[in-house]
Structures are given as C-alpha cells and as structure tokens.
Amino acid sequence: MNTKDKMLNAARKLLLNKGVEATSVDDILTATKTGKSQFYHYFGNKAGMVDAVLGTLITEISLNKWCGTSLPKISNWDDLETYLQIMGGDNFHGHPLALLCLSIRPKDRVNYAKLIELNKSLSQPIISFLQSEQSAQRFLKAANVTEMGQMALTNMIGYSINKALEQNDASLTANVVAHHTTIYLKAYARV
C-alpha cells in the first residue's frame, strides 16, 4: 500500500469513528508514521482529506459496499430490510454519515456538497426499489417514494445515533428498526 492510500485509510477510520472536528492532521500522521509535507502534498489541507474520504465512501456505495459490508441489490422487500439493517450499523459506534453530518457545515461548500452526494447515494437504492414497485402498480401511486426512501434511511441513522448516545432500549436493534421501517413502507404497498 502506498503512502497516500495509507493516509487515506487512516483518515477514513478516524473520521468515521471520531468525526471531522475531533480528527486532527496530527492524528493521521501519528497513525501512519508519515510527515506533514506528505499529507499536504497528497491532500492540500484537511478539507481536501475529508473530500478524499467522502469520495472513497461514494465509490464504495457504487460497488454495493458500505463500510466493509456488502449491500444487497434491492429487488424485493427482504432485500430492502437487509439493506436497512446494514444502514443501522449495529457494528458502528454511531453512524458514520451522522458523524460526518454533525461535523461538516454548509459553509464548507466542497465537503458539504460531497456529503449531500453521499446521502443521495445511500438512499438511491431504496428510492429506486420503491419507484419500481410503484411503476409495477404494487405501491400506492400517490406516495412520494423519494421522501419515503429518505425517511427510511433517516430512521436507521437516527437509530444508530440513539445507540451511540446509549438512548435505545436494550431490545431495540438495527434488525428491529429495519423490520418496522419495512412494515411501514409495506403499508403503502399492494403486497
């Protein structure tokens, strides 16, 4: 692995576990045993590094992966529920997207735009499935599938935020939240 990839992997791990504000350039340098000149050569500044990390996440989603887990192609309701379970991320200490959302502000135009793109990439498979169900007349025609797809993703991210804050009841898991979210969506379906 070359130095840039080493730095990118360390930055990604730190950003997804600590957030942008809590991750310093020195944290990345310490983790990779590299120098500042290398960091600035490859990324320009911290914002450039965040942009590169967001880019890797978007690329990963295009390959049907999310933080090392394979994402199913959503072609039925069971696939949708599995996808939502993965988005709930019982294996994360909080949801990476939530951490990044809390850290990246709209005034950071480049990274904020990339964050919006990441969010759309995560919700698009859900929306596409609901659109296909609607086109096949198996989903209520009047339903706003874009809104519903974004709501489903938001449910899972909200669950993981509460988990990270230790606000969830012990019996509440990503599987349970994904199941209930799927049941909610199915209420609009002609299944």
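Everything numeric here is computed off the predicted structure, so don't read it as measured data.
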Reported [atom1]-to-[atom2] distance for the pair [X] and [Y], which is rounded to 0.5 angstrom:
| X | Y | atom1 | atom2 | result |
| --- | --- | --- | --- | --- |
| Leu80 | Ile126 | CG | CD1 | 6.0 Å |
| Glu147 | Thr154 | CD | OG1 | 11.0 Å |
| Ile127 | Thr146 | CD1 | OG1 | 5.0 Å |
| Gln150 | Gln124 | CD | CD | 9.0 Å |
| Asn64 | Lys73 | CG | NZ | 8.5 Å |
| Asn155 | Thr181 | CG | OG1 | 4.0 Å |

With the side chain counted from C-beta on, respond yes when [X] and [Y] share a heavy-atom pair under 4.5 Å apart, and no when they do not.
| X | Y | result |
| --- | --- | --- |
| Gln38 | Thr32 | no |
| Thr3 | Tyr42 | yes |
| Leu29 | Met7 | yes |
| Met49 | Leu15 | yes |

Has [X] got a side-chain atom pairing as donor or acceptor with [Y]'s backbone, closer than 3.5 angstrom?
| X | Y | value |
| --- | --- | --- |
| Ser135 | Ser132 | no |
| Gln85 | Ala174 | no |
| Gln131 | Val145 | no |
| Asn9 | Lys6 | no |
| Asn111 | Asp51 | yes |
| Lys46 | Val20 | yes |

Presence of salt bridge, Lys65 and Glu60, under 4.0 angstrom: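 Salt bridge between Glu60 and Lys65, a charged N being under 4.0 Å from a carboxylate O: no.
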Looking at every non-hydrogen atom in both residues, tell me the closest pair between [X] and [Y] and how far apart they are.
| X | Y | answer |
| --- | --- | --- |
| Ser121 | Tyr83 | O-OH, 4.3 Å |
| Ala11 | Ile28 | CB-CD1, 3.7 Å |
| Pro72 | Asp79 | CG-O, 3.6 Å |
| Ser62 | Thr59 | OG-O, 2.6 Å |
| Ser123 | Gly149 | CB-O, 4.3 Å |
| Leu185 | Trp77 | CB-CZ3, 3.8 Å |

Passes side chain to side chain contact (heavy atoms under 4.5 Å, CB included), Met148 versus Phe139? Steps please. CA-CA 12 Å; Met148 296 179 98; Phe139 201 79; 3.9 Å; yes
Assess whether atom OH of Tyr188 is packed by more than 12 heavy atoms of other residues, nucleotides or ligands within 6.0 Å.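 Open.
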Kindly check if the number of other-residue, nucleotide or ligand heavy atoms within 6.0 Å of NZ (Lys120) is above 12?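 Result for NZ/Lys120: open.
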Parallel, tilted or perpendicular: which describes the rings of Phe39 and Phe43, with under 30° parallel and over 60° perpendicular?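 Aromatic pair Phe39/Phe43 classed tilted.
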No-hydrogen, no-angle side-chain donor-acceptor test under 3.5 Å, Asp27 and Ser24: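 The criterion, which ignores hydrogens and geometry beyond distance, is satisfied for Ser24 and Asp27.
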So His179 and Leu84, side chain to side chain contact (heavy atoms under 4.5 Å, CB included) or not? Walk me through it. CA-CA 8 Å; His179 182 69; Leu84 293 173; over 6 Å; no
Please determine whether residues Val176 and Ile183 belong to a single hydrophobic cluster, defined as Ile, Leu, Val, Met, Phe, Trp and Tyr linked transitively by side-chain heavy-atom distances below 4.5 Å.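 No, Val176 does not connect to Ile183 through the hydrophobic network.
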Trace of the side chain to side chain contact (heavy atoms under 4.5 Å, CB included) decision for Asn119 with Leu153: CA-CA 9 Å; Asn119 186 54; Leu153 179 62; 3.4 Å; yes
For the pair Arg12 and Leu57, evaluate side chain to side chain contact (heavy atoms under 4.5 Å, CB included) and give the outcome as yes or no after the intermediate values. CA-CA 9 Å; Arg12 176 183 164 133; Leu57 290 170; 3.6 Å; yes
